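All figures in this text were calculated on a predicted structure; none of them were measured in a lab.
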Amino acid sequence: MLRELKTFIAVTQDGTFAAAGQRIGLTQSAVSAQIRGLEDHLGMPLFDRTGRAAVLNAAGSRILPMAEQILDIFANMSQPESLNDFRGVIKIGAISTFQTGMLPKVLVRLHQNAPALETKLVPGVSFHLLTQVDAGNIDLAIVIKPGFPLPKDLHSETLLNEPFVLIVPNNLDGEDPLTLLRENPFIRYDRTSFGGRMVSHFLRRHRLEPKVVLEIDEIDAIVKMVECGLGVALVPLAGLWLERQSSVRVIPLAEMVFNRELVLVMRHANRQSPLHILIGRCLHDVVQDSLALVKSEG
C-alpha cells in the first residue's frame, strides 16, 4: 500500500495521472490502476475526475496529510541509530555560487560525521530547486529566499545575507554607482531569477534604464564579462571570483545596498530527522566560520 500512497501523492502534486506517471516512471494506466486500488481499499473515491485533471475531493483532501505522514514515518523507520551506520543517499540541491563556494567544506564536515553516506548534488536555479524539494524529488536545498511565501509543507532556515555591489572594469573611472549605471553598458543578472528580480527592483526604485548588452544567470560569468570590459554589473558578494584576483573594481552601494538571503529549505516533516539536523549544523558552522574569517581579514 505504500506504493499506492506514493502514487496518490504524486497525482496531487502534478494534477493529472499522466503527468504523475511521467515523473515517477509509470504509465497512465498503471497510475489509474494504483489509484483505483487505493480507493477500493479505503472504500471511497479520492478525486473528482473532470477531463484530464484529477482534483482532490473532500475525502482526498482529508486523507492527503495522513498519507504524507505515513510515508514520513516509514522513511524515519529506515534511519539508523547512529549516523556512522547510515548507508543511504541524500539529494542536496544548491545554487551555483554556493556549490562552488561553501558547499565543499560543508560536505567534508558531513562525511566526517556520516562516512558511509552518499550525497547526490542537484544543481539548479532557486525556483526549480524549491519545486523539487516541494515535490519530494530532493531532500533539501540551499536557495535564494523568494519574494513570495513558501508552500505550507516547506520549512526554511536563514543561512546568510549577501550584499549586492556594483562591479566595473579596473580601467573605468568614477565612484558614484548611479552615474556609472546610467553611462555604461550593463550586464544584467537574469531578471527571471530571484536575485535578478532584486536587481530589477533596485533599477526601478532609482529610475534607471541602463543599456543592457547581456543578460545571464551565472555570477562568475558576469564577473568575467566585466573583466573583459563588456560593461558594468550588479552582483552579490558571492562566487569563485572572490577567491581569486579579479580585474574588476568593487563599488559598494552604501545606503542603497540590498541583499539576497540564502536559506536552507526542506520539508517540515524532515526537519527533525537526525540526518537533516546534522546537515543543517554543518551548514551553519561553515557559514559562521566563513563570516568570522571575513571579519578578521577586514
Taking every heavy atom of A135 against every heavy atom of Q13, the minimum-distance pair comes out as O-OE1, 3.3 Å
Are the side chains of T119 and V89 in touch, meaning some heavy atoms are under 4.5 Å apart?
no
Please name the pair of heavy atoms, one in A94 and one in L103, separated by the smallest distance, quoted to 0.1 Å.
CB-CD2, 4.0 Å
Determine the minimum heavy-atom distance between A30 and L26, stating which atoms define it.
CB-CB, 4.2 Å
Separation of M102 CE from S290 OG (nearest 0.5 Å):
3.5 Å
Given side chain to side chain contact (heavy atoms under 4.5 Å, CB included), test L38 with L5 step by step and report yes or no.
CA-CA 8 Å; L38 180 61; L5 289 176; 4.1 Å; yes
Listing request: all ring-ring contact (aromatic ring centres under 6.0 Å, His included) pairs with a residue in residues 107-136, at least two apart in sequence or in separate chains.
none
With sequence neighbours excluded, residues passing side-chain contact (heavy atoms from CB on, under 4.5 Å) with A53
T50, V55
Answer yes or no: is there a side-chain heavy-atom contact under 4.5 Å between H276 and H155?
no
Residues at least two apart in sequence or cross-chain that pass ring-ring contact (aromatic ring centres under 6.0 Å, His included) with F186, listed by chain then number, are none
Checking side-chain contact (heavy atoms from CB on, under 4.5 Å) against E157, which of V265, L264, V263 comes through?
L264
For I144 versus G195, what's the shortest heavy-atom pair and its separation?
CD1-N, 4.0 Å
With distance as the sole test, does S193 use its side chain to make a donor-acceptor pair with the main-chain N or O of Y189 at under 3.5 Å?
no
Considering all heavy atoms of both residues, which atom of V31 and which atom of G21 are nearest to each other, and what is their separation?
CG2-CA, 3.6 Å
Would you please say whether a donor-acceptor pair under 3.5 Å links the side chains of S200 and R188?
yes
Q34 side chain vs T7 backbone, donor-acceptor pair below 3.5 Å
no
Please check if the side chain of S61 supplies one atom and the backbone of N57 the other of a donor-acceptor pair under 3.5 Å.
yes
Return yes when atom CG of D173 has more than 12 non-hydrogen atoms of other residues, nucleotides or ligands closer than 6.0 Å, and no otherwise.
no
Regarding R197 and D190, does a basic nitrogen lie under 4.0 Å from an acidic carboxylate oxygen?
no
May I ask you to test the P236-I219 pair for a side-chain heavy-atom distance under 4.5 Å?
yes
Can you give each donor-acceptor pair under 3.5 Å made by side-chain atoms of residues 160-171, sequence neighbours left out, with the distance rounded to 0.1 Å?
residue, atom, partner, partner atom, Å
E162, OE1, R260, NE, 2.6
E162, OE1, R260, NH2, 3.0

Smallest heavy-atom separation, G174 atom then I251 atom, equals O-CD1, 3.9 Å
Which value, rounded to the nearest 0.5 Å, describes the distance between I138 atom CD1 and I90 atom CD1?
10.0 Å
Is any side-chain heavy atom of Q99 less than 4.5 Å from a side-chain heavy atom of P123?
yes
Applying salt bridge (Lys or Arg N to Asp or Glu O under 4.0 Å), which residue pairs with at least one partner in residues 2-20 are found, sequence neighbours left out?
D14-R23
Going by heavy atoms in the side chains, are P65 and Q69 under 4.5 Å from each other?
no
If you group Ile, Leu, Val, Met, Phe, Trp and Tyr by side-chain heavy-atom gaps below 4.5 Å, do V125 and L150 land in one group?
no
Under 4.5 Å between side-chain heavy atoms, hopping through other hydrophobics if needed: is there a path connecting L140 to V108?
no
Any side-chain heavy atom of R182 within less than 4.5 Å of one from P210?
no
Do I277 and L107 belong together in a cluster built from hydrophobic side chains that touch within less than 4.5 Å?
no
Answer whether the closest heavy-atom distance between the side chains of I187 and V232 falls below 4.5 Å.
no
Nearest-0.5 Å distance, CD1 of residue I63 to CD of residue E68
12.5 Å
Does the separation of the ring centres of F47 and F8 fall below 6.0 angstrom?
yes
Pairs where residues 89-100 contributes a residue and the test salt bridge (Lys or Arg N to Asp or Glu O under 4.0 Å) is met, not counting sequence neighbours:
none
How would you list all residue pairs meeting salt bridge (Lys or Arg N to Asp or Glu O under 4.0 Å) that involve residues 126-143, not counting sequence neighbours?
D134-R267
Out of curiosity, L283 CG to I142 CD1, how far, rounded to the nearest 0.5 Å?
5.0 Å
Go through the structure and list residues passing ring-ring contact (aromatic ring centres under 6.0 Å, His included) with F202, not counting sequence neighbours.
H206, F258
Tell me whether R205 at atom CZ has more than 12 heavy atoms from other residues, nucleotides or ligands lying less than 6.0 Å away.
yes
Tell me every residue that passes side-chain hydrogen bond (donor to acceptor under 3.5 Å, both in side chains) with E39, counting only those two or more places apart in sequence or in another chain.
R49
Checking N270 side chain against M266 main chain: does a donor-acceptor pair fall under 3.5 Å?
no
Hydrophobic clustering (ILVMFWY, side-chain heavy atoms < 4.5 Å, transitive) - are L56 and I70 grouped together?
yes
Residue pairs, two or more places apart or on separate chains, that pass salt bridge (Lys or Arg N to Asp or Glu O under 4.0 Å) and touch residues 208-234
R191-E215, K224-E227, E227-R244
Nearest-0.5 Å distance, CG of residue L159 to CD of residue Q288:
9.5 Å
Check side-chain hydrogen bond (donor to acceptor under 3.5 Å, both in side chains) between T158 and all other residues, then give those that pass, not counting sequence neighbours.
E261
Sequence-distant partners of Q132, side-chain hydrogen bond (donor to acceptor under 3.5 Å, both in side chains), two or more places apart:
N137
In this structure, would L240 and V287 fall into the same cluster of hydrophobic residues linked by side-chain contacts under 4.5 Å?
no
Step by step, would you call W241 with I222 a side chain to side chain contact (heavy atoms under 4.5 Å, CB included)?
CA-CA 10 Å; W241 69 281; I222 292 175; over 6 Å; no
